[in-house]
Amino acid sequence: MKIRQDSNRLEFENGAADSVKNYFGLRDDLPKILTKINKDGHIEAAINRFKGLRILHQDPWECLISYICATYKNVPAIKSMVENLSRRFGDKIAVEGYTFHTFPTPGRLAQATTQELAGSGLGYRTRYVAETARIVKRTGFDFERLKHATYEEAKKELLAFPGVGFKVADCVMLFSLDRLDAFPVDVWMKRVVLKYYARHFPNWFLQKISAHESPSNSEYRKMNQFGREYFGEYAGYAQEYLYHYERTCAKSKCR
DNA sequence: TAACCACCTTTCTT
DNA sequence: AAAGAAAGGTGGT
């Protein structure tokens, strides 16, 4: 399957398979979603600037490991780690003369030595990835089952993996378990809260989260709850538009 | 419960 | 070019 982006639309060679449409979130009813999350001028600006942005429906296992690796790292570094893992432990595949590597299975990562994993640049995340891989392998963990669990139950089960806190759990649910109501809160969303949604929080709270970089668990819960209640069943989409808007337009003029 | 803070490494910024 | 800051947080105390 070959896909080409031509300016603002995708072209699929020989039409798109269902799995491809699903991966790019093309089955999500974007007009409906954007209407529902468009609650104020701030999110509206983000929507107007990036209309068409969709949430990928990724593989849960790959998503889980990727976000365990993501803590305290910037995006290029995360990309590098995932590529290292794929190149060193995944299967080599050839497509029309180009070489790619699949993301390694739980079994393959479970049998990798600590040294081998650390060699991929994981740092202190090495033991989280190793232990999570072993648990998934040993228990035959069924990620698909979590798609049909309640929000609280799915989150609770994800939190049981080492290296998984609130933020990683919400990301895995949003990006791979079809939980579009999940609302991950990272440093960028904290900035969004302070900048655009301060009036929804008491002053003492705003001062508290300003005092340090990453939010505590109780602070996370408050911002997470606000996002889910304020934006509703597609809060995750609101998060994605605000996140991308803030990262892209905060410094530069974005025009 | 709440507040600190160490943590591996890569990439960005000055 | 080199050095310091920041990076899609988590877990332990």
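Computed from a predicted structure; not experimentally measured. In what follows, chains carry the letters A, B, and so on, assigned in the order in which the sequence lines appear, proteins first and then strands, with residues in each chain numbered from 1.
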Sticking with atom P, work out how far C/dG8 lies from B/dC5, rounded to a whole angstrom.
-> 23 Å
Look through every strand shown and name the nucleotide pairing with C/dA1 as Watson-Crick or G-U wobble, where both distances are under 3.5 Å.
-> none
In whole Å, what separates the P atom of C/dA5 from that of B/dA6?
-> 15 Å
Round to a whole Å and report the spacing from CZ of A/Arg125 to C1' of B/dA6.
-> 13 Å
From B/dA3, B/dC8, B/dT10, pick the nucleotide closest to the side chain of A/Lys208?
-> B/dA3
Value in whole Å for how far the C1' atom of C/dG9 lies from NZ of A/Lys190 | 12 Å
A/Trp204 CH2 to B/dA2 C1': how many Å, rounded?
-> 12 Å
Name the nucleic acid region contacted by A/Arg191, choosing base, sugar-phosphate or nothing; use a 4.0 angstrom heavy-atom cut-off, strictly under.
-> sugar-phosphate
When A/Pro76 and A/Ser218 are each assigned the nearest nucleotide of DNA chain B, the 5'-most assignment goes to A/Ser218
With heavy atoms under 4.0 Å as the rule, sort A/Gln239 into base, sugar-phosphate or nothing.
-> base
May I ask you to say what A/Pro162 touches in the nucleic acid, namely base, sugar-phosphate or nothing, with a heavy-atom cut-off under 4.0 Å?
-> sugar-phosphate
The answer to which of A/Tyr72 and A/Ala77 contacts DNA chain B further toward the 5' end, by nearest nucleotide, is A/Tyr72
Are A/Val187 and A/Leu206 connected, step by step, through hydrophobic side chains (Ile, Leu, Val, Met, Phe, Trp, Tyr) whose heavy atoms are closer than 4.5 Å?
-> yes
Rounded to the nearest angstrom, tell me the gap between atom CZ in A/Phe166 and atom C1' in C/dG11.
-> 12 Å
State whether A/Arg247 places a side-chain N or O below 4.0 Å from either non-bridging phosphate oxygen (OP1 or OP2) of C/dG8.
-> yes
Separation of C/dG12 C1' from A/Arg127 CZ (nearest whole Å) | 10 Å
From CD of A/Glu219 across to P of C/dG9 the rounded distance in Å is 14 Å
Quick one: on DNA chain C, does A/Tyr128 or A/Ala70 contact a more 5' nucleotide (nearest heavy atom)?
-> A/Ala70
Aromatic rings A/Phe205 and A/Phe201: how do their planes relate, parallel, tilted or perpendicular, breaks at 30° and 60°?
-> parallel
For A/Glu246 and C/dG8, give me the distance from atom CD to atom P, rounded to whole Å.
-> 13 Å
Which one, C/dG8, B/dA2, C/dA7, comes nearest to the side chain of A/Val75?
-> C/dG8
Between A/Tyr67 and A/Asp170, does any side-chain donor sit less than 3.5 Å from a side-chain acceptor?
-> no
When rounded to whole Å, the CH2 to P distance for the pair A/Trp188 and C/dA7 reads 7 Å
Test for a donor-acceptor pair under 3.5 Å between the base of C/dG9 and the side chain of A/Ser214, counting only N and O atoms.
-> yes
Enter the distance from A/Lys36:NZ to A/Ile33:CD1 here, rounded to the nearest 0.5 Å.
-> 10.0 Å
From the list C/dT10, B/dC7, B/dT11, which nucleotide is the closest neighbour of the side chain of A/Val168?
-> C/dT10
Taking a pair to mean Watson-Crick or G-U wobble geometry with both distances below 3.5 Å, C/dG8 pairs with none
Between C/dA7, C/dG8, C/dT10, spot the one nearest the side chain of A/Asp186, thanks.
-> C/dG8
Determine whether more than 12 heavy atoms belonging to other residues, nucleotides or ligands lie under 6.0 Å from atom CD of A/Glu11.
-> yes
Considering all heavy atoms, the nearest A/Ala112-A/Arg134 contact = O-NH2, 4.0 Å
